[in-house]
S.K.: 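Below are the structure tokens for one structure; questions will follow.
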Amino acid sequence: MMRKIIIRYGIILLLIITSVAHAYGQAVEENEKVRTFLDNMFEPLDKSRVPHGLLRDFAFELVDMDRFDGSSLTETNSIDRQTYEMLLRTIRSSAVTIKPFEDVGNILVKQNSASSSPSTLTISALAYQYSVIKANALTDNLIQYNNGKVSDNYKNGTWQNPYETRYVVGFCGQDSILTSSSVSFKLDPNCWFTNLSCRTIEIDTGSGYRSINIGSAITENYTTDGTKDIKLRITLTNGKQLLSHTKIQVIGNTLTRSLANDYYLNYPQAIITGEPYRGLKTKAEVFVAYAPSNHTGRIKKPFIVVEGFDPRTRKMVQSSIKEVPPWLASITTVSAVKAYIALIYILIMILFT
């Protein structure tokens, strides 16, 4: 019976995701059919008991939030603009009641518009504590899952807490290419989002961590061009520190051959490969780079030409397939759950990257 339920809901959600392709310009997490499906699944749950009002299991998770928990800085958790946008959309969709901030598209436009010159990097940052259903919630009867719906559980009239809390942090500039050796890093108040009590906010632009206030800016004068790793450190009032980093490319006034090779290093990229032909393999690197005058965060009047390349297979680099929530993994038909979730996120990756 459970297998039929999971497969049935998997097919329904897969059809919903497929239909999103026809909703041009509409954010994934705001799609009415997707939201309706998730709302119905969690409808019996008492939303007032969800700590912080943000539930990861309720979200349309477009990026793995565990990578950005603020515990350390690694090569795999450097944030580009696309990843930051997906974090914003994921957090917004996790709200079980009131949305924590406005439409993400509007936020990105405001971030772009706040940059007054090519030497100014307007930073947008987020730091949140959210809830997630515990991995043992179902097996330990902390929560109920019946007929495709999630609900609270009570023992002898006492509510069982199925939640644990985690952190997510991230930041990014409106662009990753700066055509000036003197860069002003501005933390715009309209692009700062958090539900945490922060003691200090610090940024390391290359010469060590420096404190920065919301609405202020700090300047870094780079003596060399190239890729710079910009770091953010937030210290909460409870003493906990959250870390994040992003990369920018400083080219100053001269674009050398070596810098030209890395010019688009920090833009979200994908590699499309074709089947071998007579022993030869073909490959194309695909990315979107906005013009310096484009402050909308959207493509304007694209003109794309690809000549002499006919890929038969497609492979997206750094693809992320959503895993089955740990609390749901106890169901015996896990393979069926994984199958439809994998298909769903492959479609998302193709349609929206």
S.K.: If the condition is side-chain hydrogen bond (donor to acceptor under 3.5 Å, both in side chains), which residues does Thr246 pass it with, not counting sequence neighbours?
M.R.: none

S.K.: Would you give the length of the straight line joining atom CD1 of Ile212 to atom CD of Glu202, rounded to the nearest 0.5 angstrom?
M.R.: 11.0 Å

S.K.: Taking the side chain as C-beta and beyond, is there a heavy-atom pair between Val150 and Gln144 under 4.5 Å?
M.R.: no

S.K.: Taking the basic N atoms (NZ, or NE/NH1/NH2) and the acidic carboxylate oxygens, is any pair closer than 4.0 Å for Asp66 and Arg166?
M.R.: yes

S.K.: Would you indicate whether the side-chain heavy atoms of Lys231 and Leu243 approach each other to under 4.5 Å?
M.R.: no

S.K.: How close do Gly170 and Ser244 get, heavy atom to heavy atom, and via which atoms?
M.R.: CA-OG, 3.5 Å

S.K.: For Thr74 and Ser72, does a side-chain donor sit closer than 3.5 Å to a side-chain acceptor?
M.R.: no

S.K.: Report yes or no: does Asn161 contribute a side-chain atom to a donor-acceptor pair with the main-chain N or O of Tyr163 at less than 3.5 Å?
M.R.: yes

S.K.: Cationic tip of Arg56 within the cone over Phe42's six-membered ring, i.e. under 6.0 Å and within 45° of the normal?
M.R.: no

S.K.: Looking at Tyr209, does the NZ or CZ of Arg233 lie under 6.0 angstrom from its six-membered ring centre and within 45 degrees of the ring axis?
M.R.: yes

S.K.: Looking at Thr90 and Met65, what are the two nearest heavy atoms and their distance?
M.R.: CG2-SD, 3.6 Å

S.K.: If only atom types and distance count, is the side chain of Gln111 paired as donor or acceptor with the main-chain N or O of Cys172 below 3.5 Å?
M.R.: yes

S.K.: Is there a donor-acceptor pair under 3.5 Å between the side chain of Asn213 and the backbone N or O of Ser216?
M.R.: no

S.K.: Indicate yes or no for a side-chain donor-acceptor contact from Ser113 to the backbone of Lys110 under 3.5 Å, with no hydrogens or angles considered.
M.R.: no

S.K.: Would a distance-only check, ignoring hydrogens and angles, find a side-chain to backbone donor-acceptor pair under 3.5 Å from Lys247 to Ile230?
M.R.: no

S.K.: With side-chain contact (heavy atoms from CB on, under 4.5 Å) as the criterion, how do Leu236 and Gln241 come out once you've worked through the C-alpha distance, each side chain's angles and the decisive distance to 0.1 Å?
M.R.: CA-CA 6 Å; Leu236 307 181; Gln241 291 188 331; over 6 Å; no

S.K.: To the nearest 0.5 Å, what is the distance between OG1 on Thr97 and CG on Leu54?
M.R.: 8.0 Å

S.K.: For residues 122-129, which side-chain N or O atoms pair as donor and acceptor with protein atoms under 3.5 Å away, sequence neighbours left out?
M.R.:
| residue | atom | partner | partner atom | Å |
| --- | --- | --- | --- | --- |
| Thr122 | OG1 | Ser115 | OG | 2.8 |
| Ser124 | OG | Tyr84 | OH | 2.6 |
| Ser124 | OG | Cys191 | O | 2.9 |
| Gln129 | OE1 | His52 | NE2 | 3.4 |
| Gln129 | NE2 | Thr165 | OG1 | 3.2 |

S.K.: Answer whether the closest heavy-atom distance between the side chains of Ile234 and Thr194 falls below 4.5 Å.
M.R.: no

S.K.: Please assess Thr219 against Phe185 for the test side-chain contact (heavy atoms from CB on, under 4.5 Å), listing each intermediate value before the final yes or no.
M.R.: CA-CA 6 Å; Thr219 300; Phe185 295 84; over 6 Å; no

S.K.: So which heavy atom on Ser182 is nearest to which on Ser119, and how close?
M.R.: O-CB, 3.3 Å

S.K.: Taking side chain as C-beta onward, heavy atoms only, is Cys198 less than 4.5 Å from Trp192?
M.R.: yes

S.K.: Would you say the side-chain atoms of Asn156 and Thr158 include a donor-acceptor pair closer than 3.5 Å?
M.R.: no

S.K.: Do you reckon Leu142 sits in the same ILVMFWY cluster as Tyr145, going by side-chain contacts under 4.5 Å, direct or chained?
M.R.: no

S.K.: Which residues pass the ring pair (Phe, Tyr, Trp, His ring centres under 6.0 Å) test with Phe193, sequence neighbours left out?
M.R.: Phe101

S.K.: Between Met41 and Phe58, is there a side-chain heavy-atom distance shorter than 4.5 Å?
M.R.: no

S.K.: Treating Asp57 as the side-chain partner and Ile133 as the backbone partner, does any N or O pair qualify as donor plus acceptor under 3.5 Å?
M.R.: yes

S.K.: Under 3.5 Å, side chain of Asn112 to main-chain N/O of Leu108, donor-acceptor pair present?
M.R.: yes

S.K.: Set out, in order, the CA-CA distance, both residues' side-chain angles and the distance that settles salt bridge (Lys or Arg N to Asp or Glu O under 4.0 Å) for Arg92 and Asp103, then state yes or no.
M.R.: CA-CA 9 Å; Arg92 192 174 191 274; Asp103 175 74; 5.4 Å; no

S.K.: Is it possible for you to say whether Ile248 and Leu73 belong to one hydrophobic cluster, with membership spreading through side-chain heavy-atom contacts below 4.5 Å?
M.R.: no

S.K.: Look up atom CD1 in Ile201 and atom CZ in Arg210, then write down how far apart they are to the nearest 0.5 Å.
M.R.: 15.0 Å

S.K.: So do the side chains of Tyr130 and Asn195 get within less than 4.5 Å of each other, counting heavy atoms only?
M.R.: no

S.K.: With a 4.5 Å heavy-atom cut-off, do Val168 and Leu87 have their side chains touching?
M.R.: yes

S.K.: Under the criterion side chain to side chain contact (heavy atoms under 4.5 Å, CB included), which of Asp46, Val50, Asp39 is the partner of Val96?
M.R.: Val50

S.K.: If you apply the rule side-chain contact (heavy atoms from CB on, under 4.5 Å), what do you find for Leu242 with Leu196, and how did you get there?
M.R.: CA-CA 11 Å; Leu242 301 176; Leu196 302 172; 3.8 Å; yes

S.K.: Arg35 vs Ser93, test: side-chain contact (heavy atoms from CB on, under 4.5 Å). Steps then yes/no.
M.R.: CA-CA 8 Å; Arg35 188 69 270 167; Ser93 71; 3.9 Å; yes

S.K.: Give the minimum heavy-atom separation between Lys186 and Thr120, together with the two atoms involved.
M.R.: CB-CG2, 4.4 Å

S.K.: Donor-acceptor pair, distance only, cut-off 3.5 Å: does the side chain of Glu220 make one with the backbone of Ile218?
M.R.: no

S.K.: Does any part of the side chain of Phe171, heavy atoms only, come nearer than 4.5 Å to the side chain of Ile79, both counted from C-beta?
M.R.: no

S.K.: For Asp188 and Asn190, which heavy atoms make the closest approach, and how far apart are they?
M.R.: OD1-N, 2.8 Å

S.K.: To check you understand the geometry: which heavy-atom pair defines the closest contact between Lys155 and Asp140, and what is its length?
M.R.: NZ-O, 3.5 Å

S.K.: What's the spacing between Leu138 CG and Ile143 CD1 if we round to 0.5 Å?
M.R.: 8.0 Å

S.K.: Before accepting this row, confirm whether a basic side-chain N of the pair Glu85/Arg89 lies closer than 4.0 Å to the acidic partner's carboxylate O.
M.R.: yes

S.K.: To the nearest 0.5 Å, how far apart are CZ in Arg199 and OG in Ser211?
M.R.: 12.5 Å

S.K.: Can a donor-acceptor pair be found between the side chains of Asn77 and His245 at a distance below 3.5 Å?
M.R.: yes

